[in-house]
Amino acid sequence: MRLLMTTAIASLAFAGAAAAQDNEVKLGILFGFTGPIESLTPNMAAGAELAMSEVTEAGTFMDGATVTPVRADSTCIDSAAATAAAERMITSDGISGLVGADCSGVTGAVLSNVAVPNGMVMISPSATSPALSDTEDDGLFFRTAPSDARQGQIMSDILMENDISTVALTYTNNDYGKGLADSFQAAYEAAGGTVSTSAPHEDGKGDYSAEIGTLAAAGGDALVVAGYVDQGGAGIVRAALDQGAFDTFHFPDGMIGDSLTDQFGDEIEGSRGQRAGNDSPGGEQFVELVGDAFDGTSTYAGESYDAAALILLAMQAAGSSDPADYKGEIENIANAPGEMIYPGDLGRAMELLAAGEEIDYVGATAVELIEGGESAGNFEELIVEGGELTTVGYR
């Protein structure tokens, strides 16, 4: 009798654990918690996890299911490490969707080597290489950040409008840097600008004086640094300032963060840049929702919230956490028609979807997905004033 009771108790315990497991949906977060953008990723991860906690607390997701984040380190630059981490999250942790990866090179590797073979949905909030638009993805890959094909044009417009007609250009020697550099140069030269030289730089070096010597010899009204704020991009800026080679810079998204002004302050006064951003009501609502929990204005924090929200809303619309079932709902959720959904509205959105109603997810970043899961995208223009990044406007 005692054996039977023990067996029955064990069976009940197992059944309870299985039920709890069935009522939990895990989402992966694959960001570079170490590496060249490590100062940006804590706020990005917090943005994604905010959407997950908001959905769980609403209690209206998938008949009361909870959402659990699973973090892993992409390193931003080590494709082998990123693919191993993604494989582990799928096979061992049992994730049902992936927010990430972050940097373009590791994102492409994870998509081709892990996500497509395993049928896993990925939404990257920050991988911007134009090459990702042409990668075979079986309808599994989406972005909430716009492609660098658009960022290159925006960067060209800003420079030309500020009468900077000749620049030297340096880029981090990877998919992100090369893709952005090529897009920018094509747009800038088409607008009548001159790129005196375009030269790659490697991350992880202690001395960039040789690179600055080459760039300075070519000359220009400004130096465009398509690099990483916590790596070689910062080293390039430091060497340029120390050698008196350039005092005006232009910074794309990988260089925009508090770390930039923390390091250089008013030494880079008057320099400009841009990052993904918009002035929609959703942006303000996101910052209010975040409060003091983390920096809601940080680069790609809003895009990360939107990436997680889109996956969860698509699951609700499909009535399934299986990527094969919900991947086709993501573009429907992101675009009109339907009731507009902003940060803080996720619980209500779940109720609408459960009732068979349509929604138009606007989110924190005015999400609109165009053909192939691409973000139509908006950009925030910034200038360094008084040693701080200040918003000029939106494009």
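From a predicted model like this one, the values you see are computed outputs, not experimental measurements. Scope of the values below: all heavy atoms of this structure, side chains included, with no hydrogens, waters or symmetry mates.
In the displayed structure, Met160 atom CE is contacted under 6.0 Å by more than 12 heavy atoms of other residues, nucleotides or ligands. Counted within 6.0 Å of CG on Asp247, heavy atoms from surrounding residues, nucleotides or ligands total 12 or fewer; the atom is thus considered open.
Between the side chains of Asn335 and Glu368, no donor-acceptor pair is found at a separation under 3.5 Å. Inspection of the Thr297 and Asp295 side chains reveals an N or O donor paired with an N or O acceptor under 3.5 Å. Checked by atom type, the side-chain pair Asp157/Tyr188 shows no donor-acceptor distance below 3.5 Å. Side-chain atoms of Ser209 and Asp207 form a donor-acceptor pair, as typed in the model, at a separation below 3.5 Å. Side-chain contact, Thr365 with Asp306: a donor N or O sits under 3.5 Å from an acceptor N or O. Side chains of Thr172 and Gln231: a donor-acceptor N/O pair is absent below 3.5 angstrom, by distance only. Looking at Asn113 and Thr83, their side chains never bring a donor and an acceptor atom within 3.5 Å of each other. Between the side chains of Thr66 and Glu24, no donor N or O sits under 3.5 Å from an acceptor N or O. Tyr300 and Asp253 are linked by a side-chain donor-acceptor pair at a separation below 3.5 angstrom, with hydrogens and angles left out of the test.
Glu303 and Arg143 are not joined by a salt bridge, as no carboxylate oxygen comes within less than 4.0 angstrom of a charged side-chain nitrogen.
Under a 3.5 Å cut-off, the side chain of Thr75 and the backbone N or O of Asp78 do form a donor-acceptor pair. Side-chain atoms of Ser304 do not come within 3.5 Å of backbone N or O of Gly47 as any donor-acceptor pair. With hydrogens and angles ignored, the 3.5 Å screen pairs no side-chain donor or acceptor of Glu202 with any backbone N or O of Asn173. For Lys178 (side chain) and Pro200 (main-chain N/O), no donor-acceptor pair under 3.5 Å exists by modelled atom type. In this structure a side-chain-to-backbone donor-acceptor pair under 3.5 Å is present from Thr170 to Ala199. Put simply, the side chain of Asp345 never gets that close to the backbone of Arg348: no donor and acceptor are under 3.5 Å apart.
The closest side-chain heavy-atom distance from Ile29 to Met52 is below 4.5 Å. Between Asn43 and Leu40, the closest side-chain pair of non-hydrogen atoms is not below 4.5 Å. Between Ile268 and Leu241 the shortest side-chain heavy-atom distance falls below 4.5 Å. For the pair Phe61/Met315, a side-chain contact is recorded, criterion being any heavy-atom separation below 4.5 Å from C-beta on. At a threshold of 4.5 Å between non-hydrogen side-chain atoms, the residues Leu98 and Val121 do not count as touching. In this structure, Leu111 and Asp137 have side chains that are in contact, with non-hydrogen atoms separated by less than 4.5 Å. Looking only at side-chain heavy atoms (C-beta outward), Ile341 and Val362 stay at 4.5 Å or farther from each other.
Residues in residues 119-130 take part in these side chain to side chain donor-acceptor pair (under 3.5 Å) pairs, two or more places apart or across chains: Thr128-Asp148.
The heavy-atom pair separating His201 from Gly232 by the smallest distance is NE2-C, 3.9 Å. Across all non-hydrogen atoms, the minimal contact from Arg275 to Ile256 is CD-CG2, 3.6 Å. Minimum interatomic distance between Asn278 and Ala366 (heavy atoms only, all atoms of both residues): ND2-N, 3.8 Å. Residues Ala226 and Leu180 share a closest heavy-atom pair of CB-CD2, 4.0 Å. When all heavy atoms are compared, the tightest approach of Ala101 to Val106 is CB-CG2, 4.0 Å. Taking both residues in full, the closest heavy atoms of Ala354 and Gln316 are given as CB-NE2, 3.9 Å, listed atom of the first, atom of the second, then distance.
Below 30°, between 30° and 60°, or above 60°: for Phe31 and Phe33 the angle between ring planes is between 30° and 60°, a tilted geometry.
Judged by the 6.0 Å distance and 45° axis criteria, Lys205 is positioned over the aromatic ring of Tyr208.
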Side chains of residues 388-395: which donor-acceptor partners sit under 3.5 Å, not counting sequence neighbours?
{"unit_1": "Thr391", "atom_1": "OG1", "unit_2": "Glu380", "atom_2": "OE2", "d": "2.4"}
{"unit_1": "Arg395", "atom_1": "NE", "unit_2": "Glu381", "atom_2": "OE1", "d": "3.1"}
{"unit_1": "Arg395", "atom_1": "NH1", "unit_2": "Glu161", "atom_2": "OE1", "d": "3.4"}
{"unit_1": "Arg395", "atom_1": "NH1", "unit_2": "Glu161", "atom_2": "OE2", "d": "3.3"}
{"unit_1": "Arg395", "atom_1": "NH2", "unit_2": "Glu161", "atom_2": "OE1", "d": "2.6"}
{"unit_1": "Arg395", "atom_1": "NH2", "unit_2": "Glu381", "atom_2": "OE1", "d": "3.1"}

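The only member of Ile311, Leu313, Leu50, Leu312 that meets side chain to side chain contact (heavy atoms under 4.5 Å, CB included) when paired with Val55 is Leu312. Applying the side chain to side chain contact (heavy atoms under 4.5 Å, CB included) test between Ile95 and each of Val25, Leu27, Val70 identifies Val70 as the sole match. Between Val237 and the options Gln263, Met255, Glu267, a side chain to side chain contact (heavy atoms under 4.5 Å, CB included) holds for only Met255.
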Derivation of the ring-ring contact (aromatic ring centres under 6.0 Å, His included) call for Tyr342 and Tyr361: CA-CA 7 Å; Tyr342 295 95; Tyr361 183 76; 8.6 Å; no
